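Atom set for the values below is all heavy atoms of this structure, side chains included, hydrogens, waters and symmetry mates excluded. Quick caveat: nothing in here was measured; it's all calculated off a predicted structure. Per chain, numbering begins at 1; letters A, B, ... match sequence-line order.
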Amino acid sequence: MSKSTSLDPKDSESKRLPIYRHKDRLIQAVRDGSFLVVTGETGSGKTTQLPQYLHQAGFCKDGKIGITQPRRVAAITVAQRVAQEMRCTLGREVGYQVRFDDCSTHDTVVKYMTDGCLLREILADPALSQYSVVILDEVHERSLNTDILLGLLKKNFSNPAKATKGRSFPLRVVVMSATLETDKLSSFLGNCPVFTIPGRNFPVTCTFGSAVGPKDTESTAYVKEVVKMALDVHTSEMAGDILVFLTGQSEIERACDLLYEKAESIDYRYDVQDQTVEGLLILPLYGSMPTDQQRQIFQPPPPRIRKCVVATNIAATSLTINGIKYIIDSGFVKQLNHNSRVGMDILEVVPISKSEAQQRAGRAGRTSEGKCFRIYTKEFWEKCMPEYTVPEIQRTSLTAVILVLKCLGVHDVIRFPYLDPPEERFILEALKQLYQFDAIDRRGRVTHLGEMMVEFPLHPGLTRAILKAASLGCQDLLLPVAAMLSVENIFIRPGHPEKQKEADTKHRALAAKSGSMNDFATLLSVFHSCKSSDRPSTWCKENWIHWRALKSAFSVETQLREILHRLQQKKDFPVEIFDGNKNELFRRCLCTGYFTNVARRSVGKVFCTMDGHGSMVHIHPSSSLFDQEAELNWVIFHDVLVTSRVYIRTVCPIRYEWVKDLLPKLHEVDVYELSSVAREEVTDEEMIKWETREAAKRQPEASAEDVMKKLEKRNNETTVSDARARYLQRKQQRQQNKAL
DNA sequence: ACCTGTTAG
């Protein structure tokens, strides 16, 4: 450790960081107590320096220092930086671990990793016996996994008596966050000390606009306003690049089109102290964009050209673009919200929170002073924007995470110490699903099957189908499908109508090639066709398939195969025999994972879900079953999309007999007992009630209409129809804007 | 009679 005399510029650079002056006191603070909150803005150096300080202070004598990040890229790049600063080979003393990429060895003592990775490690070793210090970073982002880790660490290590359980010495826990919410964190962790490090960012001046007020929460007028503002900035502000925040791909493409048009038609020339800007380089940026196109964003613009990046929220945390001096903030995001009342995830456009607006503004102050132009009014800020974004744990399906907690011995998952507890019905819904998939029993205890299921990085339903298939010896049918369904959508549908037609034709051909009218079978067929192709990437291009997504499906499939293989080595892996054709076998396996997603034809093209919510749904036009009417009365589906209608996507026809025995399970559950607070035996009353209802539904057309009427009435009160109404409103507005 | 943000295992 005799680097202090070094003249290496990197050393002096790290000494210039704001955190350096606090080094000794920080080390002491970690030494003093088991929990510590460290807060500091980006640029304070806490992520790269604190682990090094602790390393120097001897904290690695007894174990590793683990630092979690919510994102893979962050874990990797930070580890690279620190390895460089500590002058060691990446993967030796300093390493990282993310899914599909473990760059750490037995020697690694400073280990950066994703929060999801640490959670999996806890599953294997609840005492975290390899670690002397665990640092949770970016806690203010409130990712689902970080929130769960926070609760687990509090539960298991805050009490000094418990803190050494399964360990020879107590674990130190450091929680790092941006300045907001630190009081809350400290009191959550037993009023532990808070250490504040000043930031090193440049000031950003924010101004409010007049375009979006409290009454415009559903409007899409902001696209035009954002374009106007960008041109304003371009013609009247000094040199420096622009970053525009919008919500989605189509919106971004529209904004870029408008910008091209208008930027050409205006005549301007701005010249102050040789800082001249003459042209505008317009660059869209969103997640599903090809990677090489994304890379273009980071290149500095040609001389005298101003860069204008029009991006989704991907530019708020995931990607950092240098040279941004101006932010234009639409004030909206697209957010995935789970609705437990209808049991669906709905993607909605909503106003951002104030803290998120500050985060966006901060993107202009990375290298020099910046300006942020908010297109919404001060009143909108005060009345429509919440202080903080609702944490993921309160708006997401919890099924997988609850299974993890159960496997960690957290029996009472309702009274688990959540920093912000999710609504009880979210938890109950998760328990119900786990019971339905046989992962837990009637008393809420993890089953043998559940213990196997938790090993898979998948939704429990998909895992259930895989395990069923494996016990029947046909896992090769299910593994690729599960992999394909757990990556982003692999079917590309371009914006231009001509190309759209071409893509649709190709996709229909792929469906036909699979030989059966079953979207899951299409996925399987695509998987193999591409894999056996000589040049998979050109095969994808020709067939309008997302190569990057499919490639990751290949790695996921390999990983799933390995996990399954490991489980099958154990002697108690179940084995079953099935006598029938392959097609039926495949679909029966799918049924064990998707019987919660069964729909029955109601009238005409309308289907009705059988999950107890009784939502009216339509088959999405991208499905090979779209427009297929004959003899198609029962289907299972992978997911639901709420747009102009409620659509089910990735659909498979089934026979009622295949799910007949499973369906009652959807209704017999007593969540009260499942939640481990009940003390009485359940009767079969619920199940009998359901059977009666089901018998009534099985009667022909006349009653089906009655059922539908009843269900529709109920549906009007759900938020699905609210979401649909909002969508239609936005669509109308868009058309009006177009007409203008 | 089609339009889905971001992230993670």
Legend entry - Nearest listed nucleotide, side chain of A:F626, among B:dC3, B:dG9, B:dA1: B:dA1
Inset, instruction - Quick one: label A:R142 by what it contacts on the DNA or RNA (base, sugar-phosphate, nothing), any heavy atom closer than 4.0 Å. - result: nothing
Inset, instruction - Please figure out whether A:L336 or A:P457 has its closest DNA chain B nucleotide nearer the 5' end. - result: A:L336
Inset, instruction - Output yes when at least one side-chain N/O atom of A:T114 is less than 4.0 Å from OP1 or OP2 of B:dT7, else no. - result: no
Legend entry - Length of the CZ-C1' vector between A:R548 and B:dT6, whole Å: 13 Å
Legend entry - Which residues share a ring-ring contact (aromatic ring centres under 6.0 Å, His included) with A:F426, sequence neighbours left out: A:H338
Inset, instruction - Give a yes/no answer on whether the side chain of A:Y647 brings an N or O atom under 4.0 Å of OP1 or OP2 in B:dC2. - result: yes
Inset, instruction - Could you pick out which residue, A:N313 or A:S622, lies toward the 5' side of DNA chain B when each is mapped onto its nearest nucleotide? - result: A:S622
Legend entry - Minimum-distance nucleotide to A:C117 side chain [options: B:dA8, B:dC2, B:dG9]: B:dG9
Legend entry - Sugar-phosphate only, base, or nothing, as touched by A:R99 at under 4.0 Å among non-hydrogen atoms: base
Inset, instruction - Would you indicate what A:L119 reaches in the nucleic acid, counting non-hydrogen atoms under 4.0 angstrom: base, sugar-phosphate, or nothing? - result: nothing
Inset, instruction - Determine, for A:F626 and A:K605, whether the Lys NZ or Arg CZ falls below 6.0 Å from the six-membered ring centre while staying within 45 degrees of the axis. - result: yes
Inset, instruction - Calculate the interatomic distance between A:E557 atom CD and B:dG9 atom C1'; express it in whole Å. - result: 17 Å
Legend entry - A:I252 CD1 to B:dT6 P, straight-line distance once rounded to whole Å: 8 Å
Inset, instruction - Let me know the distance between CD of A:E138 and C1' of B:dT6, rounded to the nearest Å. - result: 15 Å
Legend entry - Distance test, side-chain N/O of A:H618 to OP1/OP2 of B:dA1, below 4.0 Å: no
Inset, instruction - Give a yes/no verdict on a cation-pi contact between A:R464 and A:F437, requiring under 6.0 Å between NZ or CZ and the six-membered ring centre and an angle within 45° of the axis. - result: no
Inset, instruction - Would you mind checking if A:E562 and A:R566 are paired as a salt bridge, meaning a charged N to carboxylate O distance below 4.0 Å? - result: no
Inset, instruction - From the options B:dG5, B:dT6, B:dG9, select the nucleotide whose nearest atom is closest to the side chain of A:I314. - result: B:dT6
Legend entry - Pairs flagged by salt bridge (Lys or Arg N to Asp or Glu O under 4.0 Å) wherever residues 144-153 of chain A is involved - sequence neighbours left out: A:R142-A:D147
Inset, instruction - Provide, to the nearest angstrom, the distance between the CD atom belonging to A:Q359 and the P atom belonging to B:dT6. - result: 16 Å
Inset, instruction - Could you state the atom-to-atom distance from CZ of A:R120 to P of B:dG9 in whole Å? - result: 10 Å
Inset, instruction - Would you classify A:V556 as touching base, sugar-phosphate or nothing, given that sugar-phosphate means primed atoms plus P, OP1 and OP2, and contacts are heavy atoms under 4.0 Å? - result: nothing
Inset, instruction - Using a cut-off of strictly less than 4.0 Å, decide whether A:R72 has a side-chain nitrogen or oxygen near OP1 or OP2 of B:dG9. - result: yes
Legend entry - Given B:dA1, B:dT7, B:dG9, the nucleotide with the shortest approach to the side chain of A:S318: B:dT7
Legend entry - Integer-rounded Å distance: B:dA8 P and A:E392 CD: 11 Å
Legend entry - Donor-acceptor under 3.5 Å (A:Q394 side chain, A:V390 main chain): no
Legend entry - Listed nucleotide nearest any side-chain atom of A:A400, set B:dG9, B:dT7, B:dG5: B:dG9
Inset, instruction - May I ask you to verify if any side-chain N or O of A:Q500 is less than 4.0 angstrom from the OP1 or OP2 atom of B:dC2? - result: no
Inset, instruction - Under 4.0 Å between any heavy atoms, over every strand shown, what does A:Y286 touch: base, sugar-phosphate, or nothing? Just pick one. - result: sugar-phosphate
Legend entry - Exam field: side chain A:Q500 to backbone A:P494, donor-acceptor pair closer than 3.5 Å: yes
Inset, instruction - Answer yes or no: does a side-chain N or O of A:R645 lie under 4.0 Å from OP1 or OP2 of B:dA1? - result: yes
Inset, instruction - Using only side-chain N and O atoms of A:T643, determine if any of them is under 4.0 Å from OP1 or OP2 of B:dC2. - result: no
Inset, instruction - Compare side-chain N and O positions of A:T312 against OP1 and OP2 of B:dT6 and report whether any pair is under 4.0 Å apart. - result: yes
Inset, instruction - Rounded to the nearest angstrom, tell me the gap between atom CZ in A:R395 and atom P in B:dG5. - result: 16 Å
